[in-house]
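Okay, structure first, notes after.
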Amino acid sequence: VVVARQLADIAAFAPGRFTFRVGIGGEDPHEYEVCGVDPSTRGRRMDECIEIVRALLAGETVDHDTRHFRLEKATITPAPTVEVPIVVGGRSDTALRRAGRLGDGWMGLWVSPERYAASVATMHEAAAAAGRDPAPSINGLNVWCGLDADEAAARTHVAEAMQAFYQLPYERFERWSPFGTPGRVAEVLAPYAEAGCSIFNLIAVSSSPEAAVDPNLPADPMDPLALAWVRAVTPSGHDAIRAGRARRARRHDPGARSDTAGRGTARRGSVRRWATRRAPTVHGATDIESGGRAQRPWESARRWRAHAR
């Protein structure tokens, strides 16, 4: 119920543009044990959770009494005005069947294009067996990738990031984690689109977050382009810039006076933090939906540069 309420709040900020993705996890069963959950029950719990959350998001009043969950006349208000798709992740056949029976699609990870196509087929078979028509079609792929004009540098970017995150050698993931120029990465991903993938969830790693979006964007928030963007998109941008300059001046001249003193309009914190928080950079995973409504990173970049001009 708490999760459904949280999802409804998020969906209100992005109606029709929010997708809820679920998975049972399980790389470390101890994570479940310390929460008082038997790891062997996670699959059955997930099935029930999907059914309960979907009903609550649809505005239904839910009565549910099983070994794992007991609800009586549970509801959330207001429910989302637009349906929130639920996409199921996982590589096992059980996860694929769960996606077919209960989900709106499947999110793959570390599979070949051939395996991806076969997985989508398995999901569709499960959907048909459950009497679902049309079959789930929001199919995605989670992809780590390294981006750089220099191929060796691109490999280093993604290898170091994945090894730090998973504590495993990059070679374990290399065949599913492309690197190089954006064009080269796109070539590797094209067969997945042909296999039925409609969303690429890119975890793009480069020399900077900005370079992962567009190598032509400034990596330094103090770059004139970034400052121009702050001025263009925020009403307090001018004040933030002036306040930051005044602070830097005072560090060199303690007697210097801020040109915003007494006005009370300048945001606290440096321009560097301000610009970093506001600039459209890639932090973690970025969705690129082929043929859908999701905003593409390069579109954000173009708008940023247009503002700067």
Side-chain angles (χ1 to χ4, degrees), residues 17-28 42-43 46-47 49-50 53-54 84-130 132 134-147 158-159 161-163 165-166 168-180 182 184-205 212 282 284-294 296-297:
R17 295 181 288 118
F18 174 56
T19 300
F20 181 46
R21 297 173 186 162
V22 300
I24 64 170
E27 287 80 5
D28 182 5
R42 56 191 174 162
M46 176 59 73
D47 289 350
C49 283
I50 293 175
V53 168
R54 190 184 291 281
V84 176
I86 299 177
V87 174
V88 178
R91 303 174 67 192
S92 68
D93 287 345
T94 301
L96 294 169
R97 290 193 291 270
R98 178 177 295 116
R101 289 185 294 105
L102 303 172
D104 296 301
W106 171 63
M107 175 62 68
L109 172 68
W110 299 330
V111 295
S112 67
E114 295 76 19
R115 172 76 181 275
Y116 193 95
S119 297
V120 171
T122 299
M123 179 187 66
H124 286 174
E125 290 171 2
R132 301 186 67 191
S137 60
I138 307 175
N139 303 316
L141 180 68
N142 202 63
V143 183
W144 283 80
C145 59
L147 298 175
V158 67
M162 294 190 74
Q163 287 172 177
F165 189 83
Y166 294 107
L168 291 170
Y170 172 65
E171 288 72 20
R172 295 276 296 272
F173 313 101
E174 186 167 0
R175 56 179 161 165
W176 305 298
S177 307
F179 53 85
R184 170 57 184 155
V185 171
E187 289 177 3
V188 174
L189 298 182
Y192 291 95
E194 296 173 1
C197 181
S198 58
I199 300 173
F200 291 102
N201 191 56
L202 299 183
I203 306 177
V205 189
V282 175
T286 299
D287 284 350
I288 301 178
E289 181 172 348
S290 56
R293 293 185 298 273
R296 293 162 171 78

Got [X] and [Y] here, is their nearest side-chain heavy-atom distance under 4.5 Å?
X: D104; Y: T19; value: no
X: M123; Y: N139; value: yes
X: M46; Y: V88; value: no
X: L202; Y: L189; value: yes

By side chain to side chain contact (heavy atoms under 4.5 Å, CB included) - contacts of [X] (at least two apart):
X: V205; value: W144, H157, A161
X: P169; value: E171, R172
X: A126; value: R97

Classify the ring geometry of F200 against Y192: parallel below 30°, tilted from 30° to 60°, perpendicular beyond 60°.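 Judged by the thresholds at 30° and 60°, the geometry between F200 and Y192 is perpendicular.
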Scan W106, W176, W110 and name whichever one has a ring pair (Phe, Tyr, Trp, His ring centres under 6.0 Å) with Y116.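 Among the candidates, only W106 passes.
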Crowded around R91 CZ? As in, over 12 foreign heavy atoms under 6.0 Å?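 Yes - once you tally the heavy atoms of other residues, nucleotides and ligands closer than 6.0 Å, there are more than 12.
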Rounded to the nearest 0.5 Å, what's the gap from CD1 on I86 to CD1 on I138? Could you check?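 If we round to the nearest 0.5 Å, I86:CD1 and I138:CD1 are 10.0 Å apart.
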Can you tell me how far CZ of R184 sits from CG of L147, rounded to the nearest 0.5 angstrom? 12.5 Å
side-chain contact (heavy atoms from CB on, under 4.5 Å), paired with V22, selected from L102, V53, I50: I50
D47 and salt bridge (Lys or Arg N to Asp or Glu O under 4.0 Å): which single residue from R42, R98, R54 fits? R98
Keeping H124 on the side-chain end and S119 on the backbone end, is there a donor-acceptor pair under 3.5 Å? no
